[in-house]
2 protein chains.
Amino acid sequence: MASVNPSPAREPLTRRRVLSAALDVIDRDGLDGFTMRRLGAALGVEAMAVYRHVPSKAALLDGVIEAMLAELNVGDPMPADWRGALSTLARRHRALERRHPGAYALLAGMPAAAYAAARPVVADILSSLAEGGFAGRDAARALRLVVRFTIGFALTRPSGDVPPPHSDPLGPVLAGLADPAEEDRLFEVGLAALLDGLAPAEVP
Amino acid sequence: MASVNPSPAREPLTRRRVLSAALDVIDRDGLDGFTMRRLGAALGVEAMAVYRHVPSKAALLDGVIEAMLAELNVGDPMPADWRGALSTLARRHRALERRHPGAYALLAGMPAAAYAAARPVVADILSSLAEGGFAGRDAARALRLVVRFTIGFALTRPSGDVPPPHSDPLGPVLAGLADPAEEDRLFEVGLAALLDGLAPAEVP
DNA sequence: CCGGGCGGGTTTACGGTGTAAACAGCGGTG
DNA sequence: CACCGCTGTTTACACCGTAAACCCGCCCGG
């Protein structure tokens, strides 16, 4: 017989399949609900089978990080000016977070080496920055700051709802804390401020 | 007999004592190494004893968050100008992180109500901002942005060390990634940029 | 003076976790 | 055909958060 499966036996487990299923499970059940046993179930397999393709849960999560970062390379095209490039990166990051709300938190402890998965965008942006007059070190700093601002902003979204709606000095700070529209506006304000302040020293 | 203990029996467990010991254990063993059983041991008590003073581990961690935020109220005095006030808050935050490197990550999911523990500083800063010409909504936004930038920056410190030291377009981005001095400089650059961009629209 | 409740601390137990180790079947090669 | 290496399964272990039962010393009403 040819290699066509006579019975609809499952196709073989693969590192790719494992990583992709892991991302799905995390997005569905959250990071806390993500369990090797659940991952196995999602793959139609026993938990321990996963360990044939991944050395540990931590390493698996590193793989998930890289898979997410790779998604940053696709999207509407990057503008050539540094400001546009950086804010496009930020927007892709926010889209990534919306797509993977559970897994996005993994980016906090990123292994640094994982950045390589986003090499194409990063390279584009670095060249935009160079073209825009940033010195090498300053370009790297600008990029890192935008990335960390964006990730950090997403990770620090406060949870519970606002309790004291009146006559508290904290009132204005807590108001509309959970409103997604305000969240968007806040991010845009912050990003614009950061980019303004990052512009390279003019050399007239 | 007076209330002096005849035998050096341990003094009674208290919510305060529990929270403080929890903070110690977290700082020593990290968030992952923080276990109810270990906390009990640190208090010279069985794990379940803690539950007389705290309804669950999650609630306990909320208490730890509030304890940390309360520390923001002490430190060298706050300048009256909004820029100085905000950057003093940021500096206190960074000191807090240095003091509690393990527990600081809890601030990511802060319950929003916990902000109340920092009411004094927050009130000071809001009045500085008002004095500086910020409208109510803008003042709250500026404050929230600085806080989230600062916390987010701390939480997104990349872990592993830099692998490709040469001839990679990513070279400059990964270089000196783990150097604490560069980390400080990066933070100062970002904070300055953010504050610059946040200045209220001038009304001449 | 006593007895009883009760509040703080301990013991035991349960279902869940990550994963080490032994095992089972199956395909390809001598 | 015998064997071996891969892949997946089973079993087992130590540890986790916490529910429930228990135990004991103190305080208070009679």
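Residue numbers begin at 1 in each chain, while the letters A, B, ... track the order of the sequences. Keep in mind that what you see is a predicted model, and the values were worked out from it rather than measured.
What separates CG of D29(B) from P of dC15(D) is a distance of 14 Å, to the nearest Å. Residue K57(B) contributes atom NZ, which lies 18 Å from atom P of dG16(C) at whole-angstrom precision. Atom CE in M36(A) sits roughly 17 Å away from atom C1' in dC15(D) (whole-Å rounding). Atom pair F34(A):CZ and dG16(C):P shows a separation of 18 Å (rounding to whole Å applied). For the pair L43(A) CG and dT7(D) C1', the computed distance is 14 Å after rounding to whole Å. Atom CG of L31(A) is separated from atom P of dG18(C) by 12 Å (rounded to the nearest Å).
Side-chain to base pairing of R37(A) with dT19(C): one donor and one acceptor N or O lie within less than 3.5 Å of each other.
Looking at the side chain of M48(B), the nearest of the listed nucleotides dT7(D), dT11(C), dT19(C) is dT11(C). When each of dG18(C), dT9(D), dT10(C) is scored by its nearest atom to the side-chain atoms of E46(B), the top-ranked nucleotide is dT10(C). Listed nucleotides: dG18(C), dG9(C), dG8(D). Nearest to the side chain of Y51(A): dG18(C). Among the nucleotides dG17(D), dG9(C), dG8(D), the one closest to the side chain of H53(A) is dG8(D).
Comment: R99(A) does not engage D27(A) in a salt bridge, judged by the lack of any side-chain N to carboxylate O separation of less than 4.0 angstrom. Ionic pairing of R185(B) and E182(B) is present here: one or more N-O contacts between side-chain nitrogen and carboxylate oxygen are shorter than 4.0 angstrom.
Counting heavy atoms from C-beta outward, L195(A) and V146(A) have side chains that approach closer than 4.5 Å.
The aromatic ring centroids of F149(A) and F153(B) lie 6.0 Å or more from each other.
Toward the 5′ end of DNA chain D lies the nearest nucleotide of R38(B), the other residue of the pair R52(B) and R38(B) mapping further downstream.
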